[in-house]
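Sequence lines set the chain letters: A, B, ... in the order given, protein chains first and strands last, and positions in each chain run from 1. Basis for what follows: all heavy atoms, side chains included, without hydrogens, waters or symmetry-related copies. Owing to the predicted nature of the structure, the values given are computational and were not obtained by experimental measurement.
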Protein chains: 2
Amino acid sequence: MADLTLEDIAKQAGVSRSTVSRVVNNHPHVSEGVRKRVLEVIQITGYQPNAAARTLASQRSWMIGLVVPRSVSSFFTDPYFPHLTRGIAKGCNQHDYTLGLFLVGTKEDEEKILPRVSRSGLLDGILVQAGHHGDQVIDRLVQSTIPLVMVGRPFHTEGISYIDVDNIEGAYNAVSHLVRLGYQRIGTITGPSKSTVGVDRMEGYRKALNERGHTLDESLVTEGDFTEAGGYYAMQRLLPAKPDAIFAASDIMAVGAIRAAQEADLRIPDDIAFVGFDDVPLANHRDPKLTTIRQPVYQFGFSAVEILIELIENGREPARRVMVGTELIIRDTCGASRRR
Amino acid sequence: MADLTLEDIAKQAGVSRSTVSRVVNNHPHVSEGVRKRVLEVIQITGYQPNAAARTLASQRSWMIGLVVPRSVSSFFTDPYFPHLTRGIAKGCNQHDYTLGLFLVGTKEDEEKILPRVSRSGLLDGILVQAGHHGDQVIDRLVQSTIPLVMVGRPFHTEGISYIDVDNIEGAYNAVSHLVRLGYQRIGTITGPSKSTVGVDRMEGYRKALNERGHTLDESLVTEGDFTEAGGYYAMQRLLPAKPDAIFAASDIMAVGAIRAAQEADLRIPDDIAFVGFDDVPLANHRDPKLTTIRQPVYQFGFSAVEILIELIENGREPARRVMVGTELIIRDTCGASRRR
DNA sequence: TCTGCAATTGGGAGCGCTCTCAATAATCAT
DNA sequence: ATGATTATTGAGAGCGCTCCCAATTGCAGA
């Protein structure tokens, strides 16, 4: 099964190594008869070309790496990652790439992983999940020469390729929806201001209020960290300002915020409305069901791979930028069904 | 930075390729002076040995693969996976292995992935997440010659190495706890009977009832699928049998079951008690907080890697088996604080 | 000083593939 | 039939490393 070489197949098929190589790689200039015969031998023997030898000779590993920096702590808590990973895995599979996973957990991990991913002969390209501003790994990776696509927009974008969800527009739509429903004191629980996700969703909130003639009240804005507990405490901070609606920059935070609101004996959506962001399954299983912004995470991962492959094949320049749209999912917590 | 070869380093340090190789691989028989000089050149130039060349020459790729079969659908819904993956990634990192991720989503994925993982020169060993009985990928992988460790016990274990959580004991402890608290009609929502996890947790339930003089009432047993919705419907099926306590084979199902119980106007734990399994963070953030069995998932993944590496280095025979223990986490839903 | 031995170093083959280039075979126009 | 042209095939070098073996060096003991 294993450990057959090109030469073995060649011998069995009565041709040369070169010819077998041509067949395996689907190159032209092989007569139909020979191609068929070689294919047959390969079929029977179950021959698989040796990955290392192929990589060494062709200088292409057909492997890409997904690097998740240390500052991406939501790896555990957020269903975002399983879906992203699935999309990426699917993309790799479909294009015959192997996926390497590099999770940076600690500073030591960082020291081991950085040299490894930039080592020649291992990866053809790298996908980096965007993290916090100033993350070591991201900064150092970006200046390597290997093709690279950021998943999520980084703070500094000069010359670097990325794919991102249109967070500004998503947040804008969420908040506009609340405005349209007539809410007057719309607060927000933002994501970390050290991440572009956090900043952009805040920007969308700001934009929606402005365009629709609301003034931004600082007492209705507070920062969360994309965790349930973070949302809970954020809501407690917001409560004194008497908001009648909240846009939470993530569903998980919305869940925490709702818990805090309920503990304060507020009814949802009668006393206070909520819109989240992400559309995690959880949000659809609770009562009341969460109105939210859905992002196509699976597709997002899949596309990231395709962009990277395009980069690998056609060069890094110019940098590619892709934005993907979102969708407003109206459920119970925004009160749309009972108002208007 | 990249594309330096051993030969380049050798030239710069005024020694031979062989000597540099010895230094890089920390082999003996290099004089201190030479070693220092070579190390210096490597330091300055940022040389990294070419992975493919090394793999080809040494027949070791220093890479292991994690294969997640199609029948493992909980990949998305369960926090188990992020933690497992983190543990595995940590193990790889610490032992200087690269981690390859192979998620099998569809039948087509299967056809692409199977040849790839068994291709020589790519992986030194494979970790396979246990899935359902009869899963193609698992069966075919197991009979390959490459070192392999199953994460979770498979149905047929002859000759194969695995690491597993002691599910029987965990479930036994959970149910024993309920018995001790005096509950009389203890029901269970099991996992799929096609998985050993499901079977074992059921076995623990059975064992606890038997040993403590309860008889097993079939109307108090129903099968779930490790999802929230599955738990919800399972609970609805159980309700007519009037259980006063439920052991759910996973927290996620417990959450669904609790929702169903609450909709039926049962108070928890006064009217009905719950114990889950997994200790997902979610379970600790809700009200009432879930009593559960904690499994050391991170450690589990880490150990799996170490077992695999041991296999790679010392051969597949004999098969290694490791069981890891669990811990009962007592919170609100079992009613321990108000009873006894 | 010389021999013997161990420690250190260098040279060479080879891992299994790709890819260029030359050789051969097949095809066609003349 | 002949030379020119093109399609098919094979040989060989080389990708960058490891590892064996032989050569060299250093040093202790006689």
Undergrad: Using OP1 and OP2 only, check whether a side-chain N or O of A/Gln59 sits under 4.0 Å from D/dG14.
TA: no

Undergrad: Between B/Glu7 (CD) and D/dT18 (P), how many Å, whole number?
TA: 12 Å

Undergrad: Considering residues at least two apart in sequence or located in another chain, which fulfil the side-chain contact (heavy atoms from CB on, under 4.5 Å) criterion with B/Glu111?
TA: B/Arg140

Undergrad: Can you check nucleotides 23-25 of chain D for protein contacts, nitrogen or oxygen pairs under 3.5 Å, and list what you find?
TA:
none

Undergrad: To the nearest Å, give me how far apart CG (A/Asn50) and C1' (C/dG14) are.
TA: 13 Å

Undergrad: Using whole Å, what does the distance between atom P of nucleotide D/dG16 and atom CD1 of B/Ile9 come to?
TA: 13 Å

Undergrad: Measuring to OP1 and OP2 of D/dT18, would you say a side-chain N or O of B/Asn25 lies under 4.0 angstrom away?
TA: yes

Undergrad: Sequence neighbours excluded, which residues qualify as salt bridge (Lys or Arg N to Asp or Glu O under 4.0 Å) partners of B/Glu313?
TA: none

Undergrad: Ring pair (Phe, Tyr, Trp, His ring centres under 6.0 Å) with A/His132: which residues, sequence neighbours excluded?
TA: none

Undergrad: Using a cutoff of under 3.5 Å, can you pull out all pairs of nitrogen or oxygen atoms linking the protein to nucleotides 7-13 of chain C, with atom names and distances?
TA:
from   : atom 1 : to      : atom 2 : distance (Å)
C/dT9  : OP1    : B/Ser31 : OG     : 3.0
C/dT9  : OP2    : B/Ser31 : N      : 2.9
C/dT9  : OP2    : B/Ser31 : OG     : 3.4
C/dG10 : OP2    : B/Ser16 : N      : 2.7
C/dG10 : OP2    : B/Ser16 : OG     : 3.2
C/dG10 : OP2    : B/Thr19 : OG1    : 2.9
C/dG10 : O6     : B/Arg22 : NH2    : 2.5
C/dG11 : N7     : B/Ser18 : OG     : 3.2
C/dG11 : O6     : B/Ser18 : OG     : 2.7
C/dG12 : N7     : B/Arg17 : NH2    : 3.2
C/dG12 : O6     : B/Arg17 : NH1    : 3.1
C/dA13 : N6     : B/Arg17 : NH1    : 3.3

Undergrad: side-chain contact (heavy atoms from CB on, under 4.5 Å) with B/Gln59: which residues, sequence neighbours excluded?
TA: none

Undergrad: Quick check on the helix from C/dT1-D/dA30 to C/dT30-D/dA1: what's the angle between its two end axes, five base pairs per end, to the nearest 10°?
TA: 40°

Undergrad: Hey, could you give me each pair passing ring pair (Phe, Tyr, Trp, His ring centres under 6.0 Å) that has a residue in residues 135-158 of chain B? Not counting sequence neighbours.
TA: B/His133-B/Phe155, B/His133-B/His156

Undergrad: Rounded off to whole Å, could you give me the CG-to-P distance for the A/Leu56 and D/dG16 pair?
TA: 7 Å

Undergrad: Donor-acceptor pairs under 3.5 angstrom involving side-chain atoms of residues 158-165 of chain B: please list them, not counting sequence neighbours.
TA:
from     : atom 1 : to       : atom 2 : distance (Å)
B/Ser161 : OG     : B/Arg320 : N      : 2.9
B/Asp164 : OD2    : B/Arg153 : N      : 3.3

Undergrad: Any salt bridge linking B/Asp135 with B/Arg70? Criterion: basic side-chain nitrogen under 4.0 Å from a carboxylate oxygen.
TA: no

Undergrad: Nearest whole angstrom, please: distance from the P of C/dC17 to the CD1 of A/Ile42.
TA: 10 Å

Undergrad: Which residues pass the ring pair (Phe, Tyr, Trp, His ring centres under 6.0 Å) test with A/His27, sequence neighbours left out?
TA: none

Undergrad: With sequence neighbours excluded, what pairs up with A/Phe102 under the ring pair (Phe, Tyr, Trp, His ring centres under 6.0 Å) test?
TA: none

Undergrad: Under the rule for side-chain contact (heavy atoms from CB on, under 4.5 Å), what residues qualify as partners of A/Asn26, not counting sequence neighbours?
TA: A/Arg35

Undergrad: Is there side-chain contact between A/Asn50 and A/Thr5, with at least one heavy-atom pair below 4.5 Å?
TA: no

Undergrad: Looking only at side-chain N and O atoms, does B/Tyr47 come under 4.0 Å of OP1 or OP2 in D/dG16?
TA: no

